[in-house]
Enquirer: 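Input: one structure, supplied below.
For ligands, and for the atoms within them, numbers begin at 1 and follow the listed sequence.
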Amino acid sequence: MLSEKAINFYNEALKIIPQATQTGSKRPVKEYDGVMPLTIESGKGCRFTDIDGKEYIDWGASLGPIILGYAYDEVDDAVRKQLNKGTIFGMPSPIEYELAKEMINVIPGIDMVRFLKTGGDVCSAAVRLARAYTGREKIISIGYHGWHDTFMAAIPQFEGIPKVLRDLVISIPFNDFDAVKEVFEKEKENIAAVITIPFNFEDNPPDEQYFPEMRSLCDKYGSVLIFDEVLAGFRLALGGGIEYHKVQPDLVVYGKAIANGYPLAAFAGKREIMSVIDKTLITTTLGGETLSLAASLATLKILQRDNVHAELYRRGKTLMDGMNHLIKKYSIPGKLKGIPVGFTLILNDDISEEELNSVIKMEREIFELGVFMDKDRTWLVSYSHTDDDIKKTLEIIETAFKSAQ
Ligand SMILES: Cc1ncc(COP(=O)(O)O)c(C=O)c1O
């Protein structure tokens with residue numbers, strides 16, 4: 001159980017930080033009250049320590065950025081080296097060019113790259129470019145793309161977003177090609193862009209024809225296809241969804257794992273569309289901040305040199321296979337969806353209240369025994385998870401499953 005000190009700390013933070021966090025998904029979940037850590041003090045490799053000094057094997061990856069591991073020495077050394085040279089200047093620094101060049105080298109089919117700071121920033125930037133390029137205003141949005149008005153306009157329950165923007169965003173679910181087709185048939189040349197996640201770690205991979213057909217529809221109606229790789233990029237594969245699906249979007253955006261946890265995001269794509277930036281405005285003072293760029297260069301180097309993705313798939317598969325076995329053995333009312341580098345326990349639609357309570361009891365036990373899982377039940381593997389960490393995690397899951405029987 002969390003200590004009184006940890007709970008008091010959180011309550012004090014609530015008084016001066018609305019929601020006691022900067023990130024919506026870091027708000028506590030009622031079901032895990034008292035066992036899910038509220039405040040994390042430090043991390044190393046695949047483990048972190050909460051403010052009670054309790055250590056957890058982490059499978060949340062800090063909501064996606066941690067691909068190599070916390071406080072990864074080689075990345076942090078690159079940052080320290082850059083720190084001695086300065087963090088930001090009144091004119092661009094060479095490292096901006098170096099990283100842009102490296103990204104063009106590892107990501108298929110992109111000509112130009114620009115840097116911003118958050119996933120929301122780059123998604124909004126890509127949509128602005130697409131609107132400027134096509135002279136159209138409506139977009140199709142598939143998946144979550146950040147908190148900006150550009151996307152949240154589609155969700156009426158959020159206040160503070162001008163209603164006039166609502167008709168400009170047509171939001172449809174992932175993996176529903178008929179819905180994409182239907183919108184295009186109705187809107188035809190009104191659609192500036194389709195912005196879509198390339199993968200949903202909470203679902204099975206889409207049908208093989210899903211993305212090629214979406215590409216064809218965008219070509220037919222002259223719309224820009226944008227892959228939002230903020231979560232999937234550098235996790236699905238080195239070349240992200242582009243490499244995984246072998247489909248070329250016109251623009252692509254990255255964030256999260258691009259710099260193993262340092263604040264960086266990027267939008268990239270075809271020269272013809274990226275050059276339209278001259279006709280609009282996309283700018284931020286700290287876009288060329290050098291520490292995150294150095295972290296990203298080091299991260300990309302390690303991902304390639306150590307063939308990290310093969311390892312992520314191998315280790316993720318061990319965990320996924322092990323969990324599948326336990327789910328079956330203990331008749332857990334749900335199944336794993338996704339792929340080894342990112343998968344989610346999806347509970348059965350017809351789960352009874354009693355079964356749900358039993359799942360929550362098991363999950364509370366998992367926290368108690370020192371394994372941290374994402375509250376959306378998504379498990380993300382990092383390069384720091386060893387076979388031993390996976391074995392230990394599976395043992396803890398089995399103990400929790402057993403005790404809830
Ligand atoms: C696919 C996707 N796009 C965009 C975002 C927004 O990124 P950020 O929170 O860095 O603004 C997220 C965040 O979860 C995301 O998963």
Enquirer: Without hydrogens or angle criteria, can the side chains of Glu355 and Ser358 be said to hold a donor-acceptor pair below 3.5 Å?
Expert: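 Side-chain D/A pair, Glu355 to Ser358: absent.
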
Enquirer: Ligand 1 and Trp147, any nitrogen or oxygen pair closer than 3.5 angstrom?
Expert: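 Checking ligand 1 against Trp147, no N or O pair falls under 3.5 Å apart.
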
Enquirer: So for ligand 1, is Gly119 a polar contact partner (N or O within less than 3.5 Å, distance only)?
Expert: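 Yes, there is a polar N/O contact under 3.5 Å.
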
Enquirer: Should you measure from each heavy atom of Asp228, which atoms of ligand 1 turn up under 4.0 Å away?
Expert: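 Result: 1 (C), 2 (C), 3 (N), 4 (C).
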
Enquirer: For Tyr72 together with Tyr70, are the ring centres under 6.0 Å from each other?
Expert: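 No.
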
Enquirer: Give yes if a backbone or side-chain nitrogen or oxygen of Lys256 is under 3.5 Å from a nitrogen or oxygen of ligand 1, and no if not.
Expert: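 Right, the criterion is met.
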
Enquirer: Could you list which atoms of ligand 1 come closer than 4.0 Å to a heavy atom of Leu231?
Expert: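 Result: 16 (O).
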
Enquirer: For the pair Phe211 and Phe174, name the ring-plane relationship: parallel under 30°, tilted 30 to 60°, perpendicular over 60°.
Expert: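 Ring orientation of Phe211 relative to Phe174: tilted.
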
Enquirer: Going by an N to O cut-off under 4.0 Å, is there a salt bridge joining Lys337 and Glu202?
Expert: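 Not counted as a salt bridge, because no side-chain N and carboxylate O are separated by less than 4.0 Å.
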
Enquirer: Measure from atom 3 (N) of ligand 1 to the protein's non-hydrogen atoms and state whether any distance is below 4.0 Å.
Expert: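 Yes.
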
Enquirer: Determine, using heavy atoms of Glu229 and all atoms of ligand 1, whether some pair is separated by less than 4.0 Å.
Expert: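 No, Glu229 has no heavy atoms under 4.0 Å from ligand 1.
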
Enquirer: Ignoring hydrogens, just give me the one of Gly120, Cys123, Gly24 whose non-hydrogen atom is nearest atom 6 (C) of ligand 1.
Expert: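 Looking at heavy atoms only, Gly120 sits closest to atom 6 (C) of ligand 1.
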
Enquirer: Check whether the side chains of Glu289 and Thr87 place a donor and an acceptor atom closer than 3.5 Å, and report yes or no.
Expert: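 Glu289 vs Thr87: no donor-acceptor pair found between side chains.
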
Enquirer: With a 4.0 Å cut-off, would you call Lys44 and Asp58 a salt bridge?
Expert: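 Answer for the salt bridge query: no.
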
Enquirer: Show the atoms of ligand 1 that are less than 4.0 angstrom away from any heavy atom in His145.
Expert: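 Within the 4.0 Å cut-off of His145, ligand 1 contributes 3 (N), 4 (C).
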
Enquirer: Using a 4.0 Å cutoff against the non-hydrogen atoms of Ile197, which atoms of ligand 1 qualify?
Expert: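 This gives 1 (C) as the contact atoms.
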
Enquirer: Applying the ring-ring contact (aromatic ring centres under 6.0 Å, His included) criterion to Phe372, which one of Phe367, Trp59, Tyr32 satisfies it?
Expert: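 Testing Phe372 for a ring-ring contact (aromatic ring centres under 6.0 Å, His included) against Phe367, Trp59, Tyr32 leaves exactly one candidate, Phe367.
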
